[in-house]
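Structure record follows, encoded as structure tokens.
Sequence lines set the chain letters: A, B, ... in the order given, protein chains first and strands last, and positions in each chain run from 1.
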Protein chains: 2
Amino acid sequence: MGETKQRQAIREALERAARPLSPQEVVAEAQADVPRLGIATVYRALKSLVDEGWLAAVELPGQPTRYERAGKHHHHHFQCRRCDRTYELPGCPSDLQVPLPKGFVADDHEVVVYGRCAACARSK
Amino acid sequence: MGETKQRQAIREALERAARPLSPQEVVAEAQADVPRLGIATVYRALKSLVDEGWLAAVELPGQPTRYERAGKHHHHHFQCRRCDRTYELPGCPSDLQVPLPKGFVADDHEVVVYGRCAACARSK
DNA sequence: GGGCGAATGATAATTGATTCTCGATTCGCG
DNA sequence: CGCGAATCGAGAATCAATTATCATTCGCCC
């Protein structure tokens, strides 16, 4: 059971992009390969790729969910305020030792850095 | 022109709570003072309190916006996975020195710690 | 006590993301 | 080549948060 060309286009779009993509970005990218690709197909594929463990969902405040390859090292994200693109940041600063109020138990954390990506910083 | 009793109830609910509240939480709390308080009034009040600089909006992935008193020191938040309440965490760990890709410019950052709050950790 | 403009509250409308529906298309396989 | 199942794609439907509408109510002045 080979994979359909749309799924393949979707996976390739995600691998090509060096950053987490939103469903909209995925359609746009993957339509280079499959022009009539529908958004519903993208959502279906994203969901199953997440289930398979091939993709990881990245949630950001006020933004549609982004998707990136799963299995990377612990890392965080950069959100450009200008172009709204999300980028991956290498590693986790200082491995984050937050003092919690007593009784609280942490099991994970997220860091989002906001600003301008290289392209947007340049074009002021 | 004094402030209406509903606005007052809303402000008091937010001061009373030692943590950021969602609009829903605000209605629930403030209805202790004004039983027929409507959600629309809460949204209106929250917006204008933010405009006045009295409140700050706290955005979290996949959660409705929370509101807290503005003007606090730089700090971050804890999100309980069990009761969904958001708590304030004191200070910013290590003042966050994230290495950015070259050309990127940061102007802010957010840290969200996930886990269980004291009450929820206890009741397993 | 009545008049007025602003604020309220119940509900409908909007918005954006995501999911569902369903007819059309494609694929694997004999 | 042709069937049956799986997948697609377009648009409708859903869902949650938020905003708009509008008749009613409230606060305040004369």
(request) Answer yes or no: is there a donor N or O on one side and an acceptor on the other, between the side chain of A:Glu25 and the main chain of A:Ser22, under 3.5 Å? (result) yes

(request) Ignoring hydrogens and angles, tell me if any N or O in the side chain of B:Arg85 forms a donor-acceptor pair with the backbone of B:Gln79 under 3.5 Å. (result) no

(message) Can you list, in residue-number order, the parts of residues 31-60 of chain A that come under 4.0 Å of DNA chain C, counting heavy atoms only?
(response) A:Ala40, A:Tyr43, A:Arg44, A:Lys47

(request) Check whether A:Leu21 and A:Leu60 end up in the same hydrophobic cluster, where Ile, Leu, Val, Met, Phe, Trp and Tyr are linked by side-chain heavy atoms less than 4.5 Å apart. (result) no

(request) Round to a whole Å and report the spacing from NZ of B:Lys5 to P of C:dA7. (result) 14 Å

(message) Is there a side-chain contact between B:Gln6 and the phosphate of C:dA7, meaning an N or O under 4.0 Å from OP1 or OP2?
(response) no

(request) Would you check if the side chain of B:Arg66 reaches a backbone N or O of B:Pro64 as a donor-acceptor pair within less than 3.5 Å? (result) yes

(message) Let's see if you can work this out: which of D:dT18, C:dT8, D:dC8 has an atom nearest to the side-chain heavy atoms of A:Thr4?
(response) D:dC8

(message) Out of the candidates B:Arg69, B:Arg7, B:Arg11, B:Lys47, only one should pair with B:Glu52 under the salt bridge (charged side-chain N to carboxylate O under 4.0 Å, His left out) rule; please name it.
(response) B:Arg7

(message) Between P on D:dG27 and CD on B:Glu3, what's the gap in Å once rounded to a whole number?
(response) 13 Å

(request) Examine A:Tyr114 and A:Val111 and state if one hydrophobic cluster contains both, with Ile, Leu, Val, Met, Phe, Trp and Tyr joined whenever side-chain heavy atoms are less than 4.5 Å apart. (result) no

(message) Let me test you: for the helix from C:dG1-D:dC30 to C:dG30-D:dC1, what is the angle between the axes at its two ends (five pairs each), rounded to 10 degrees?
(response) 10°

(message) Can you measure A:Gln63 atom CD to C:dG16 atom P for me and round it to whole angstrom units?
(response) 13 Å

(request) Assign the ring pair B:Phe104 / A:Tyr87 to parallel, tilted or perpendicular, where the plane angle (0 to 90°) is split at 30° and 60°. (result) perpendicular

(request) Without swapping roles, check the side chain of A:Glu110 against the backbone of B:Val112 for a donor-acceptor pair under 3.5 Å. (result) no

(request) Would you please confirm or rule out a distance under 4.0 Å between OP1 or OP2 of C:dA17 and any side-chain N or O of A:Thr65? (result) no

(message) What is the separation between atom CD on B:Gln8 and atom C1' on D:dC26, rounded to the nearest whole Å?
(response) 15 Å

(request) Would you kindly give the CG-to-P distance between B:Leu21 and D:dA17, to the nearest whole Å? (result) 15 Å

(request) Specify the closest pair of heavy atoms between B:Pro35 and B:Asp33, including all atoms of both residues, with the distance to one decimal. (result) CD-O, 3.6 Å

